[in-house]
Amino acid sequence: MKILFSHQNFPAQFGAFGGFLASQGWDVSFATAADVGQGPKGIRILKMTPHRDPTEGVHRFARGFEKAIINGQAFANAAIQARKAGLQPDVVMGHAGWGSGTFAKAVWPDCKYVSYVEWYYRYPPVDSTSDTVQREEDGRAMAISQNAPTLVDIAQADLVLCPTHFQAEQFPSHIRDRLVVMHDGVDMTTHAPAETPQLPASIDSIPADAEIITYATRGMEPHRGFPEFMRALERLQARRPNLYAIIVGADRVAYGKSRQDGKSWKEQMQGELTLDESRIVWTGLLSRNDYIKVLQSTHAHVYLTVPFVLSWSLIEAMSIACPLVVSDSPPVREVLQNGHSAEMVQMRDIDAITDRVEHLLTDRDAAQRLGRAARTKALTSYDNRWIWPARKAMLEDLQHGRLK
């Protein structure tokens, strides 16, 4: 079997699975706009480079679609060169919405195309973090326009994959019926509890007897509850002098809009709150090994999110058996149960976040029970040791006409 993945980033959702397929004897290629050089062993990298940005002054509803088409052209140009060199993939799997695989069948009409979808925009948006009132007609029109690249991909797909039921439920019913819900899978062997947790060598300011709470996302923004976490941290620091916080992530907005005043959310919260910075470790982005060491060392890990795409980091924290305080929102309820595998709170309720974190810090036995239950759920539902073989078998069935 020959498979070509296409994604603007690398390794993203496909890289680890691609490595698994390569280990099973598949011929694996990966088209990406990211600068990854030769790539990992067993994966052939095709660099796709957009030739220009969207047209200056293009209609705001059309900008996202034009950008996707330009990305699609970059993929097609790289794919044509690969075809000239002899590449004929049986399957192309593309990340929908960005144009990454939109023209797969334009280059290889006989390939099986798998569209990997993450989000369908609605109005009013279920992931809104703003009280700003938008004109209804404008909001609906923008949502329709934002969905256009994904709908083009779905229209030509032989198989459509979606990682969670909550994400699949955002799609209209006539599209939802086509979606196969299957998570990407997490390496439960690597993401596992440590018998003797040890922080990374770079974090040397935390005493051995400290209480440690953690927060880890790609960026720092309202979508992932960063302001609420920081407000709870201010109260926790005042109450618990031996409390230290480790905050993992880049000082940027990964989801949602940036602040209009030009400040980052980190700068805003540092200016707004009374914080003891000597008891906060801002790590930035970490290596995988150091990230795991941080989660293995935590006494309470906080994951907050509006109803939106579920973070891999939550499943990874579950796999590591972190005691969890999480937002009571639909994507989180899909994977965790309040009082059994996590403490659930309303994301805007700073008192509740503070109280539940304190409960886990005070009652370590209860915290460990929650962590063990979270890992059991992760092993049952999100372990790549069964998900990857199942996805491999699905692609083989698709290629050989056995998939119904």
Side-chain angles (χ1 to χ4, degrees), residues 191-217 220 224-249 266 269-270 272-284 286 289-304 313-314 316-327 332 336 338-347 349-375:
H191 299 85
E195 287 190 15
T196 307
Q198 186 174 7
L199 286 169
S202 59
I203 301 177
D204 57 6
S205 60
I206 297 181
D209 62 346
E211 297 175 328
I212 298 174
I213 66 170
T214 51
Y215 172 93
T217 60
M220 301 175 189
R224 298 306 192 195
F226 176 73
E228 288 79 9
F229 171 76
M230 294 303 297
R231 290 172 184 134
L233 176 59
E234 178 188 46
R235 299 183 186 186
L236 287 162
Q237 282 191 331
R239 296 179 190 178
R240 306 184 78 91
N242 201 33
L243 176 82
Y244 285 73
I246 303 175
I247 300 175
V248 181
K266 176 182 175 181
M269 302 319 294
Q270 286 177 319
E272 174 185 320
L273 303 174
T274 301
L275 299 166
D276 181 354
E277 288 285 349
S278 70
R279 291 190 284 145
I280 302 176
V281 178
W282 304 90
T283 69
L286 290 176
N289 286 340
D290 283 354
Y291 163 72
I292 290 171
K293 287 180 179 180
V294 166
L295 292 187
Q296 288 171 336
S297 302
T298 191
H299 299 124
H301 180 69
V302 181
Y303 175 79
L304 307 172
S313 67
L314 178 59
E316 292 162 350
M318 291 168 61
S319 180
I320 294 170
C322 296
L324 294 166
V325 175
V326 298
S327 54
V332 179
L336 290 165
N338 185 35
H340 173 69
S341 50
E343 295 280 4
M344 287 190 171
V345 296
Q346 294 300 314
M347 194 173 90
D349 190 340
I350 310 304
D351 288 336
I353 298 170
T354 306
D355 175 70
R356 292 298 85 195
V357 170
E358 278 207 292
H359 170 66
L360 295 184
L361 295 175
T362 302
D363 191 341
R364 295 290 177 84
D365 289 339
Q368 289 176 4
R369 285 196 300 272
L370 290 177
R372 287 193 297 268
R375 178 163 170 81

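The structure displayed is predicted, hence computed values, not measured ones. Note that these values count all heavy atoms, side chains included, but never hydrogens, waters or copies made by symmetry.
- Residues passing the ring pair (Phe, Tyr, Trp, His ring centres under 6.0 Å) test with Y303, sequence neighbours excluded: none.
- R279 pairs by the side chain to side chain contact (heavy atoms under 4.5 Å, CB included) definition with Q237, L243, Y244, D276, not counting sequence neighbours.
- Taking the side chain as every heavy atom from C-beta outward, I247 and V281 never approach each other to under 4.5 Å.
- Taking the salt bridge (Lys or Arg N to Asp or Glu O under 4.0 Å) definition, one finds that R231 meets it with E272, sequence neighbours left out.
- For A192 against R375, the heavy-atom pair with the smallest separation is CA-NH1, 3.9 Å.
- Between S278 atom OG and I206 atom CD1 the span is 11.0 Å, to the nearest 0.5 Å.
- Residues V326 and A342 share a closest heavy-atom pair of CG2-CB, 3.9 Å.
- Within the 4.5 Å cutoff, the side chain of P227 has heavy atoms near those of the M269 side chain.
- At least one donor-acceptor pair under 3.5 Å links the side chain of N338 to the backbone N or O of M344.
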### Task
For the pair I246 and I212, evaluate side-chain contact (heavy atoms from CB on, under 4.5 Å) and give the outcome as yes or no after the intermediate values.
CA-CA 7 Å; I246 303 175; I212 298 174; 3.9 Å; yes
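- In this structure, CG on L304 lies 10.5 Å from CG on L314, to the nearest 0.5 angstrom.
- Residues passing the side chain to side chain contact (heavy atoms under 4.5 Å, CB included) test with A232, sequence neighbours excluded: I350, I353, T354.
- At least one donor-acceptor pair under 3.5 Å links the side chain of E234 to the backbone N or O of T274.
- Screening residues 191-209 for side chain to side chain donor-acceptor pair (under 3.5 Å) gives H191-R288 as the qualifying pairs, with residues at least two apart or on separate chains.
- Among residues two or more places apart in sequence or in another chain, the side chain to side chain contact (heavy atoms under 4.5 Å, CB included) test is passed with A300 by I213, V357, L360, L361.
- The closest side-chain heavy-atom distance from L233 to V302 is not below 4.5 Å.
- Minimum interatomic distance between A321 and P193 (heavy atoms only, all atoms of both residues): CB-CG, 3.7 Å.
- Of all non-hydrogen atoms in A216 and H301, the two that sit nearest each other are N-CE1, 3.8 Å.
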### Task
Applying side-chain contact (heavy atoms from CB on, under 4.5 Å), run through E211 and R364 and close with a yes or a no.
CA-CA 11 Å; E211 297 175 328; R364 295 290 177 84; 3.8 Å; yes
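- Between S297 and V294 there is no side-chain heavy-atom pair separated by less than 4.5 Å.
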### Task
Check step by step if side-chain contact (heavy atoms from CB on, under 4.5 Å) holds for R224 and Y215.
CA-CA 10 Å; R224 298 306 192 195; Y215 172 93; 3.8 Å; yes
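- In this structure, T214 OG1 and L324 CG are separated by 8.5 Å, a value rounded to the nearest 0.5 Å.
- Here K266 contributes atom NZ and M230 contributes atom CE; the two are 9.0 Å apart, rounded to the nearest 0.5 Å.
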### Task
Before giving the answer on side-chain contact (heavy atoms from CB on, under 4.5 Å), spell out for R239 and L236 the whole-Å C-alpha distance, their side-chain angles and the decisive distance to 0.1 Å.
CA-CA 5 Å; R239 296 179 190 178; L236 287 162; 5.7 Å; no
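- Between atom NZ of residue K293 and atom OH of residue Y291 there is a gap of 15.5 Å, rounded to the nearest 0.5 Å.
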